[in-house]
There are 2 protein chains.
Amino acid sequence: MATLQDVADRAGVSVSTVSRALHETGQVKSETSQRIRSVADQLHFSLSRSASSLASGKTMRVVYLTYNNLNTWYTSQCMEGLYTGLYGTGYDLIPYVTTVKEDLDAFIEELPSNGNLDGLVLTSFPFTEDQLTLLRGLHIPTVAIDSNSPDVFDASVMLDNKSAMYSAVQLLQRLGHTSIAYVGDLLSDRFFISSRTRCEYFLDAAHQLGYGDDNIEVFTRDDAKPEVNGSQSIIAQYVSSILSSPKKPTALCASTDYLAMSLIHGFREVGVSVPDDFSIVGFDDMECADLMDLTTLHQDPLKTAKLAAEKLLKLMKGEEVEERYTEMKASLVVRHSTKRAS
Amino acid sequence: MATLQDVADRAGVSVSTVSRALHETGQVKSETSQRIRSVADQLHFSLSRSASSLASGKTMRVVYLTYNNLNTWYTSQCMEGLYTGLYGTGYDLIPYVTTVKEDLDAFIEELPSNGNLDGLVLTSFPFTEDQLTLLRGLHIPTVAIDSNSPDVFDASVMLDNKSAMYSAVQLLQRLGHTSIAYVGDLLSDRFFISSRTRCEYFLDAAHQLGYGDDNIEVFTRDDAKPEVNGSQSIIAQYVSSILSSPKKPTALCASTDYLAMSLIHGFREVGVSVPDDFSIVGFDDMECADLMDLTTLHQDPLKTAKLAAEKLLKLMKGEEVEERYTEMKASLVVRHSTKRAS
DNA sequence: TTGAAAGCGGTACCAC
DNA sequence: GTGGTACCGCTTTCAA
């Protein structure tokens with residue numbers, strides 16, 4: 001592994017000069033610079049990030065803090081968006097997944113004194129007050145994606161779940177559905193802020209649009225028998241709860257596309273048709289949604305994350321972001337999983 | 001940001017001792033160790049990775065080199081598998097995506113002298129001979145996933161595409177399909193090694209099972225008119241080529257589930273039914289496949305990647321891997337996108 | 001425009 | 001068991 005010194009020796013200059021030449025600070029005579037660069041090329045030289053970091057105080061690392069898994073549609077879109085947003089800047093993107101609560105706690109605890117990252121992007125977490133206090137005092141730039149406490153962070157990009165859910169409920173109403181329901185996530189809604197948020201806005205919208213409590217229902221994972229596990233059986237349970245509900249809903253809003261599609265599949269298995277017997281609206285508009293003809297709320301977390309990365313870059317440069325909170329809109333995409341109530 | 005020195009001062013010991021205590025080398029009196037740890041906790045101390053790296057020569061970074069995007073099903077499964085495989089070891093996982101050929105070239109060029117990673121995991125790339133030579137001489141452990149030149153790397157995990165394609169073709173034959181076709185990826189097969197590999201094995205299997213060239217056909221992206229872009233129109237073109245083919249295939253093997261599902265959708269739009277008019281077999285068994293009742297070849301890239309990470313860990317420890325090449329099997333999952341030829 | 005040298009915050013070897 | 005200290009490879013003043 002060649003070092004700056006090696007390059008300097010071969011080029012007949014000092015390490016300082018090599019460093020300057022490689023960083024294109026413009027203070028090196030172009031002739032010297034040329035020579036240095038060619039020597040560096042010959043040696044396949046590349047700077048040691050550790051040494052650079054240590055000397056400069058910048059780690060060139062951005063951490064993406066998320067929960068559960070990297071292989072969900074949402075998270076992978078975020079990763080891609082962050083990656084493209086950071087691309088070409090020299091910053092490395094490091095995913096940090098908090099599978100258990102302790103991971104998250106430890107990470108947050110250590111954050112203030114942790115000199116191992118220059119910037120942090122995080123997705124919506126159910127932070128405790130103590131954690132929020134800690135986060136508030138953070139000295140490294142932090143950008144939140146879909147956070148429910150945006151004011152705590154230096155910047156944030158949030159999806160407007162409220163108007164999204166309103167448009168979904170409005171669609172169902174226009175289609176003549178008089179009894180409607182929300183179906184929560186496959187995983188516990190306690191952890192999935194977005195599902196809970198959407199549920200609240202669903203209820204708000206329903207009330208606003210004149211639905212009475214007798215015509216609104218909510219099905220969530222947390223109501224499921226604790227022994228029920230595996231998405232197959234959760235879906236089966238959802239399906240039977242919905243079918244046997246005294247409120248007899250004819251239209252459903254699901255917290256995600258994946259859930260919506262699973263429900264459609266679950267209904268089909270017991271001979272119930274979507275959209276003939278039930279109208280279903282999803283959320284996300286993932287690639288499969290189009291293929292399954294799902295009516296859904298389209299969101300673009302890739303774009304969201306890219307924007308988050310761009311804000312973070314500004315903040316890390318010490319600049320102000322032009323817009324501290326950015327709200328992204330979801331748009332209703334009507335396909336064929338919804339139809340007029342019969 | 002507290003340093004080792006700060007902790008040492010407050011604990012009344014030397015930095016060496018603090019370092020040893022924090023690394024639990026076992027050479028520190030437990031009483032001293034306790035005191036040190038409590039001081040460290042108080043100070044919210046955490047080691048500087050840059051400094052540790054520089055001093056120890058280990059970067060504690062593993063790079064995952066891949067192409068195109070982080071938001072594909074396959075890549076996100078790999079990310080998750082690598083992350084879980086590396087979890088708890090202190091290694092950071094850093095994705096490196098080569099969108100353009102130049103990125104890949106530059107990365108490979110720089111690799112031998114690049115002291116910025118301790119290990120490398122890479123997915124199948126169409127490497128040139130020069131690059132392979134470079135890779136062969138690498139001094140950092142390298143593990144390949146689904147590589148077509150596994151002998152170049154210290155270890156690898158590969159999917160057995162051959163037997164997978166054989167079982168798909170066999171299924172179609174048993175179902176009585178006398179004219180069959182392979183449909184290549186939505187993106188250029190030139191870049192997608194796996195698609196090309198599968199195509200070759202599809203042809204091998206077909207020949208082996210007695211299909212003659214008159215009853216075998218291949219549709220690929222590269223045949224498409226260059227002006228055709230966007231997956232919608234590519235699918236439309238695939239569909240019309242297939243429908244107008246003089247060989248009149250009645251069964252198709254698609255390179256991926258996503259393609260298979262897109263084809264089903266495309267057929268449906270022109271009033272052609274799957275499986276009534278065409279049988280289709282996908283590849284991957286992504287979550288949606290079940291929901292769309294797709295017959296497919298199930299593979300588990302998460303598991304594959306996790307295994308790759310485990311092998312890499314061994315190699316980075318200087319140990320031998322017990323199995324240098326591991327072959328993963330895909331299994332045929334028969335659902336309802338295939339049926340007996342009419 | 002260039003060079004010398006003082007760190008950056010650890011690790012690990014060598015003493016004691 | 002513990003402390004002293006020479007690096008690790010680079011950045012960044014300060015001086016020339």
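Values below: all heavy atoms of this structure, side chains included; hydrogens, waters and symmetry mates excluded.
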Using whole Å, what does the distance between atom [atom2] of nucleotide [N] and atom [atom1] of [X] come to?
| X | N | atom1 | atom2 | result |
| --- | --- | --- | --- | --- |
| Arg35(B) | dG1(D) | CZ | P | 14 Å |
| Asp6(A) | dC8(D) | CG | P | 11 Å |
| Leu54(B) | dC8(D) | CG | C1' | 4 Å |
| Lys58(B) | dG9(C) | NZ | C1' | 18 Å |
| Gln27(A) | dT12(D) | CD | C1' | 10 Å |
| Ile36(A) | dT1(C) | CD1 | P | 13 Å |
| Gln5(B) | dC8(C) | CD | P | 11 Å |
| Leu4(B) | dA12(C) | CG | P | 12 Å |

Could you tell me whether Glu31(B) and Arg35(B) make a salt bridge, using a distance below 4.0 angstrom between a side-chain N and a carboxylate O? no
Is it the case that [N] (base atoms only) and [X] (side chain only) share a donor and an acceptor within less than 3.5 Å, ignoring hydrogens and angles?
| X | N | value |
| --- | --- | --- |
| Arg20(A) | dG3(C) | yes |
| Ser16(A) | dA4(C) | yes |
| Thr17(A) | dG3(C) | no |

Side chains of [X] and [Y] only: does a donor on one sit below 3.5 Å from an acceptor on the other?
| X | Y | answer |
| --- | --- | --- |
| Ser124(A) | Asp146(A) | no |
| Ser53(B) | Ser50(B) | no |
| Lys58(A) | Tyr91(A) | yes |
| Asp300(A) | Gln77(A) | no |

Measuring from the side chain of [X] (C-beta onward, heavy atoms only), which nucleotide among [options] has the closest atom?
| X | options | result |
| --- | --- | --- |
| Val28(B) | dT12(D), dT2(D), dG9(D) | dT2(D) |
| Lys29(A) | dG3(C), dG9(C), dT1(C) | dT1(C) |
| Val15(B) | dT2(C), dT5(D), dG9(C) | dT5(D) |
| Met1(B) | dT2(D), dA12(C), dG9(C) | dG9(C) |

Phosphate contact ([N] OP1 or OP2) by [X] side-chain N/O below 4.0 Å:
| X | N | result |
| --- | --- | --- |
| Ser19(B) | dT11(C) | yes |
| Thr32(A) | dT2(C) | yes |
| Ser14(A) | dA4(C) | no |
| Ser52(B) | dT11(C) | yes |

